[in-house]
Amino acid sequence: MSISITRRSLFGVISGSSLLLPPSPCNSITSLPEFSSQPIIFSKIILSTTSSTNSADLDRFFKAGLSFSNATQSPKYSFGPTTFSVPPSFAPGVSSFNEYGGHSQIIVDVSSTSPSSASPISTPSSSSSSSSSSSSSSSSSSSSSSSSLPSIAYIQVGVPTYRISQVQQANGEIVSAYGYLNAIPPGLSTTFRAINGLRPDPLMLICVNVNPADMARTKTFYAKEVGLTEVPPSMYPLARPNSDGNGPFESAMPPNSFYFNGGGGKEGGGMGVLLKSTENYLVDERNRLEKLINLGGVKKFEFEIVPNDDVKELLFYDSNMKKGDDRLLVDPVGNKIRIMSEFDH
């Protein structure tokens, strides 16, 4: 007995089966295949500003300055559709990344009252450093000095184009612009870091400042309480193709720091969380903080971590939660985190 199979009939059988389809998601929030293996997604950052903030300036900062491309529902900003499904108009191999689904989102909540004021970020002045140098013998018993850092150092995006002139015209504050841009939107106080690069979703990560003494419990919090997965340094995401993070245009993962995302891999869906050790501020670039120079024999700074006054919530979606079991948590450095059971785009 022989079986005759033509090429046409073979492809007909294959196309009608599940061989060419991604595995069906189990307990997944989304139908997107790259998200199907991860139960939790970091999807939204909710910022707060006052009603006196010029909405046109915000739009110009995000859209013209940082190239957010899907800001049609201001004050909601993203780089593409936020629905966790493939848009009907998306054509694989033809459409661009910003036409695909699953993009993370920045929401600016406009309030009639001003955000709660945080302690100002202080830096050692050169005069105080000089005086400590001249009296190092009397201060040798004190090996640390105190200063403040925001709980979120920056929100990072990797975009093909950013425009410093548009950021300035939007009344944004330029913190630094050597190699990559650190800028603060009008009416807000959290820094956005823009790297000239290419990402499927340019909204990459938030960087959280953590003192070394608090690093272990902060790692445990994001792994156990939130449900993220630690990613090894070799898989830390970079925006620039073929970049090793050692040039002036993009930084590798800082030493003694840790990166988490929802999928565990280099391209895990949704934004990631970088826990940056404050030890790096002794030698690293400044982020609303001048470089700390060892002039007075000070070997280590102990920072006070102050929650960003304009960051209202960090929003995660967990497919393993029962409907209605949403949780509001606070991480060890003061950031408010909401974990939801249902996706609301």
Side-chain angles (χ1 to χ4, degrees), residues 34 42 45 61-62 64-69 77-80 96-98 103-104 106 149-150 152-168 172-185 190-210 228-292:
E34 59 269 47
F42 180 17
I45 301 172
F61 180 92
F62 285 109
L66 300 189
S67 297
F68 278 75
S69 59
Y77 301 98
S78 69
F79 288 95
S96 62
F97 289 140
N98 61 7
H103 285 78
S104 302
I106 299 288
L149 285 173
I152 296 179
Y154 54 82
I155 298 169
Q156 180 169 306
V157 298
V159 291
T161 304
Y162 59 80
R163 299 174 179 87
I164 296 176
S165 62
Q166 293 296 322
V167 169
Q168 291 177 316
E173 177 187 343
I174 305 295
V175 180
S176 63
Y178 176 74
Y180 45 81
L181 175 67
N182 287 321
I184 302 170
T190 296
T191 298
F192 277 73
R193 173 170 295 184
I195 297 172
N196 182 227
L198 185 65
R199 298 282 302 177
D201 186 0
L203 198 47
M204 295 175 64
L205 58 85
I206 64 166
C207 177
V208 178
N209 282 319
V210 184
L228 299 181
T229 302
E230 183 179 348
V231 175
S234 61
M235 299 182 71
Y236 177 71
L238 297 171
R240 297 176 65 83
N242 302 319
S243 170
D244 58 6
N246 293 321
F249 302 105
E250 183 170 26
S251 297
M253 191 166 86
N256 305 312
S257 300
F258 304 89
Y259 180 72
F260 290 78
N261 66 16
K266 186 172 184 178
E267 302 298 336
M271 291 178 285
V273 177
L274 172 63
L275 304 180
K276 180 176 180 178
S277 172
T278 56
E279 294 173 280
N280 295 289
Y281 284 100
L282 296 174
V283 295
D284 201 2
E285 78 286 352
R286 76 181 181 95
N287 176 58
R288 302 191 65 201
L289 188 77
E290 298 295 334
K291 284 186 178 179
L292 304 177

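Positions are given from 1 along the sequence. Only a predicted model underlies this, so the values are computations on that prediction, with no experimental measurement involved.
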Within the distance-only criterion (no hydrogens, no angle test), does the side chain of [X] pair as donor or acceptor with the backbone N or O of [Y] below 3.5 angstrom?
{"X": "E230", "Y": "F258", "result": "no"}
{"X": "N182", "Y": "S176", "result": "no"}
{"X": "S257", "Y": "S277", "result": "yes"}

Are any of the side-chain heavy atoms of [X] and [Y] separated by less than 4.5 Å?
{"X": "F68", "Y": "I106", "result": "yes"}
{"X": "L203", "Y": "I155", "result": "yes"}
{"X": "S243", "Y": "F249", "result": "no"}

Looking at [X] and [Y], what are the two nearest heavy atoms and their distance?
{"X": "I174", "Y": "A183", "answer": "CD1-CB, 4.3 Å"}
{"X": "P254", "Y": "L274", "answer": "CD-CD2, 4.0 Å"}
{"X": "G245", "Y": "L238", "answer": "N-CD1, 3.9 Å"}
{"X": "P237", "Y": "M204", "answer": "O-CE, 3.8 Å"}

Kindly compute the distance separating [atom1] ([X]) from [atom2] ([Y]), expressed to the nearest 0.5 Å.
{"X": "I45", "Y": "Y77", "atom1": "CD1", "atom2": "OH", "value": "14.5 Å"}
{"X": "R163", "Y": "L66", "atom1": "CZ", "atom2": "CG", "value": "10.0 Å"}
{"X": "I206", "Y": "R193", "atom1": "CD1", "atom2": "CZ", "value": "13.5 Å"}
{"X": "I152", "Y": "T190", "atom1": "CD1", "atom2": "OG1", "value": "6.0 Å"}
{"X": "Y180", "Y": "I195", "atom1": "OH", "atom2": "CD1", "value": "7.0 Å"}
{"X": "L205", "Y": "Y236", "atom1": "CG", "atom2": "OH", "value": "5.0 Å"}

Check your understanding: How would you list, by chain and number, every residue that makes a ring-ring contact (aromatic ring centres under 6.0 Å, His included) with F192, sequence neighbours excluded?
Key -> F62

Review point. L181 pairs by side chain to side chain contact (heavy atoms under 4.5 Å, CB included) with which of T191, V157, I164?
Key: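 For L181, the side chain to side chain contact (heavy atoms under 4.5 Å, CB included) test succeeds with only one of T191, V157, I164, which is I164.
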
